[in-house]
Amino acid sequence: GATTKMALAYLGVNLHLFKSKKEIQTLKFKDFDMDLDVYSREIAGFWEVFKEHQYLELPPRNEQVVVLDVGANVGFFSMRQALQFKDKLKLIAFEPDPVTFARLQSNMAKIQARTKADIQCLNYAVDTHVGEAKFVQDVSVESHVADGDTDGPFITVKLTTLDSIV
């Protein structure tokens, strides 16, 4: 099923077998559906959050929980928080890459409809200043804001600060 596909794709990505391959699929799981590129690092993000539980598990709460997901990718961490806190969650997800951001928005709309969480997606990188920066896109490594002089491939993304948002 979906887990077997994910495991094989995760292995392939880590062995750099799919550098030029791209395939967006809607994967259906017990608690949610999501769109992701099965031949990219997105698969690793899913594995880290849902299979290896590498991120902090927040304790259950009865009051509103505010979570910032900086570098949200396609929303794995955000989805996990929405599934846990449902309508008690206020979440702001930041993702600078416009292609990845479109899938983040799609995934968050699906999980928001299911959980009634208050989710806002912002197409920014978070930094110490507001402005623009070069952003390196690469399916075989983690995308990132470039430091100094970077030779392509890169795009220009918008920067914001947490102070200007919160």
Only pairs under 3.5 Å count here: list side-chain donor-acceptor contacts from residues 154-162, not counting sequence neighbours, and write none if there are none.
{"unit_1": "T160", "atom_1": "OG1", "unit_2": "S164", "atom_2": "OG", "d": "2.7"}
{"unit_1": "T161", "atom_1": "OG1", "unit_2": "S164", "atom_2": "N", "d": "3.1"}
{"unit_1": "T161", "atom_1": "OG1", "unit_2": "S164", "atom_2": "OG", "d": "3.2"}

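The minimum heavy-atom distance linking L104 with N73 is given by the pair CB-O, 3.4 Å. In plain terms, the two heavy atoms of Y124 and F94 that are nearest each other are O-CB, 3.7 Å. The two atoms that bring Q105 and C121 nearest to each other are CG-CB, 4.1 Å, heavy atoms only. G75 approaches M108 most closely through the heavy-atom pair O-CE, 3.6 Å. Across every non-hydrogen atom of K90 and Q64, the tightest pair is CB-NE2, 3.3 Å.
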Legend entry - Audit row: Q81, F77, side-chain contact (heavy atoms from CB on, under 4.5 Å) steps and yes/no: CA-CA 6 Å; Q81 302 316 306; F77 178 77; 3.2 Å; yes
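Q112 is linked by a side-chain contact (heavy atoms from CB on, under 4.5 Å) to I119, counting only residues two or more places apart in sequence or in another chain. The salt bridge (charged side-chain N to carboxylate O under 4.0 Å, His left out) test applied to D87 returns no partner, not counting sequence neighbours.
Put simply, the side chain of N123 gets close to the backbone of P96: a donor and an acceptor are under 3.5 Å apart.
Inter-residue side-chain proximity for R114 and L83 is flagged as met; some heavy-atom pair is nearer than 4.5 Å.
In this structure, the separation between NZ on K86 and CD1 on I111 is 8.5 Å, given to the nearest 0.5 Å. Between the OG1 atom in T115 and the CZ atom in F85 there is a gap of 12.0 Å [rounded to 0.5 Å].
Neither V66 nor I165 shares a network with the other; the hydrophobic side chains, linked directly or stepwise wherever heavy atoms of I, L, V, M, F, W or Y lie under 4.5 Å apart, form separate groups for each.
For the side-chain contact (heavy atoms from CB on, under 4.5 Å) with I92, the lone residue among V67, D69, L68 that qualifies is L68.
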